[in-house]
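First comes the structure, then the notes that go with it.
Given the structure is predicted, the values throughout are model-derived calculations rather than measurements. Below, chain A is the first sequence line, B the second, and so on; all start at residue 1.
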Protein chains: 2
Amino acid sequence: MASMVFTDCCSTTTPRLLPFRRNPLFHRNHGAVFLRPLINPSSPRRLSLHSSSASASPSPSPTASLATEESAKVIDGKAVAKQIRDEINAEVSKMKDAIGIVPGLAVILVGDRKDSATYVRNKKKACESVGINSFEVRLPEGSPEQEVLNSIAGFNDDPSVHGILVQLPLPCHMNEQNILNAVSIEKDVDGFHPLNIGRLAMRGRDPLFVPCTPKGCIELLHRYGIPIKGKRAVVIGRSNIVGMPAALLLQREDATISIVHSRTKNPEEITRQADIIISAVGQPNMVRGSWIKPGAVIIDVGINPVEDEKSPRGYRLVGDVCYEEASQIASAITPVPGGVGPMTIAMLLSNTLVSAKRIHSFQ
Amino acid sequence: MASMVFTDCCSTTTPRLLPFRRNPLFHRNHGAVFLRPLINPSSPRRLSLHSSSASASPSPSPTASLATEESAKVIDGKAVAKQIRDEINAEVSKMKDAIGIVPGLAVILVGDRKDSATYVRNKKKACESVGINSFEVRLPEGSPEQEVLNSIAGFNDDPSVHGILVQLPLPCHMNEQNILNAVSIEKDVDGFHPLNIGRLAMRGRDPLFVPCTPKGCIELLHRYGIPIKGKRAVVIGRSNIVGMPAALLLQREDATISIVHSRTKNPEEITRQADIIISAVGQPNMVRGSWIKPGAVIIDVGINPVEDEKSPRGYRLVGDVCYEEASQIASAITPVPGGVGPMTIAMLLSNTLVSAKRIHSFQ
């Protein structure tokens, strides 16, 4: 469990931009979709959805709506994710009917971490909800690395498996890079393979998979009809799993990108130039109102626990962006939770479907 | 031959930022080192060299010095490249004496393009000058793609070859991507393989090779002791061969990067924020004085031919940056020619040496 950080937007000091923390509530937190939104669901001011998908785009479920009384419109990740899951469900059925193939996602879990077990359970549930088969291998904490590699090799060769995830973090005695490199690039639905990242960076090349969280960020912009081309975009954080690929994706869509990180001397000044801000830094409420250009669109990837005596759990989750201040200035903003979190697992399901379609040449 | 562009800095209109052109005088122009400097070599104001290399760093040859009467100091790529070639020469001799191995670079040339033939000849000369063996295959314009692939396969398997270059452009009937992908990643001294680019983009990973021109840009900054960490860096152009990898390299060194390109609405405003500008866009004199923050450092990758009746060739070469204006404002600047050009081929030789050392585990 990450250490608690006691931070709120009323603080007059500007938090320092620290190196990205691998917060277990954020890192590969495909389970965030199941967290209960904490934001007051009154006075809905959601943006209308403009789907970029060719498939049917039902309106978001009213029960999933999130709202605030502030001026910014809420980008409702929970509703979009629900819509995407419905689309995936329809595609999975169509594929099964047409060629008798059901997409399959395999997850390998090593050790007894409770948070990891929860995420794996949530992934399994999400697969079930859209008709994707899920496979699971659980290995004890002390397993030799070779045993994990053997499981990966088995799934690589298994034609009923189209996506493979190794739940992180792995026990300390294992070499994470060795293990992740063993996953066949055709089944690397996380999209973290360097070959995928290279293709993402290069013009004229296409990655096999786009990493789930950044893909979810861009999908939110698309679904809400927010233009990217020619816009100034600032990505805060340069992690391999979110910040860096998010910047590459924005550039692929012809945004002019700047990447702010722990060594940036004037993050506030640079961020204030952005039409689109994607923050993925793991610092609660770091992006204050003064960092935001009026009318900017904010995608807040951070999911940070802060102490909250009023909460039964003793803490609540907040983003990297001070929501109360930002929602007065931005034109649209993702809430935390209920913004990017639900999109990550939807994109994992999407990548698994993409993989199955590609492997079986199904359009 | 690229079409001539008639542009000088006296024009009052700001040139448009157009998509990057594959200028044959620039693209993979490892031969630029041999171009005669056009800048008046009086009143030397070169920055002193601070080598980042552990090896001996002789001062640049006085005969190679470039200078201007303006305020910016000249970053003398020709002198640095000479210094690097001397270092490589020493390393090659050391390796030969110690383990009897001589690094080898193979070049494949298809067709009769004069410019390509010149570049290949220049590469061969450069190899000879540092004691690297060079190998060459020349195939007629109409050769089948398979013949090129066969040559690559031969060099992939040849233990005396440590680097393979396919001279571009290839004839139209050939699939460039197929051919480049056939080069073994261990011998891809151009560093353009997506796996290399992916590793370059990712924190905690290292590419086998860094693409030559961007590597040359960063090496110039290092050798002149210009700090990168924490600086604002703007890269103009997002090509796979220069702009994009240059931005990734700057970010690896903790610069805060912004990438300006043909879809950027306010390139001048963004560029004016930079402490370091790398321009690789192929537009003669596009970056005017008003784009430059006083004291900025400018690395000009562009090598653009412009009409010049006074020149015996009828044209002269200029950079992307209006040198006359920029040299009044910047603190340091690379000339064109004699700046980045000579560095590209030096970095190709460096990558070939790196490859031979790695393959033979020689430190």
Portion of [X] that has a non-hydrogen atom of chain B nearer than 4.5 angstrom:
| X | value |
| --- | --- |
| Arg199(A) | both |
| Met244(A) | side chain |
| Ala247(A) | neither |

Pairwise side-chain contact, Arg205(B) with Ile197(A), heavy-atom cut-off 4.5 Å (strictly under): no
With sequence neighbours left out, write down each residue that passes side-chain hydrogen bond (donor to acceptor under 3.5 Å, both in side chains) with Asn156(B), or none if nothing qualifies. none
Mind checking what makes salt bridge (Lys or Arg N to Asp or Glu O under 4.0 Å) contact with Lys231(A), not counting sequence neighbours? none
What is the distance from atom [atom1] of [X] to atom [atom2] of [Y], rounded to the nearest 0.5 Å?
| X | Y | atom1 | atom2 | result |
| --- | --- | --- | --- | --- |
| Ile270(A) | Thr256(B) | CD1 | OG1 | 5.0 Å |
| His193(A) | Leu195(B) | NE2 | CG | 6.5 Å |
| Arg203(B) | His261(A) | CZ | NE2 | 8.0 Å |
| Leu248(A) | Ile259(B) | CG | CD1 | 8.0 Å |
| Met202(B) | Asn240(A) | CE | CG | 4.5 Å |

Considering only NZ, NE, NH1 and NH2 on the basic side and carboxylate oxygens on the acidic side, decide whether Arg238(A) and Asp254(B) come within less than 4.0 Å. yes
With chain B, which of Ala255(A), Gly198(A), Pro207(A) has the greatest number of heavy-atom pairs at distances under 4.5 Å? Gly198(A)
Between Glu269(A) and Gln273(B), a side-chain donor and acceptor under 3.5 Å: no
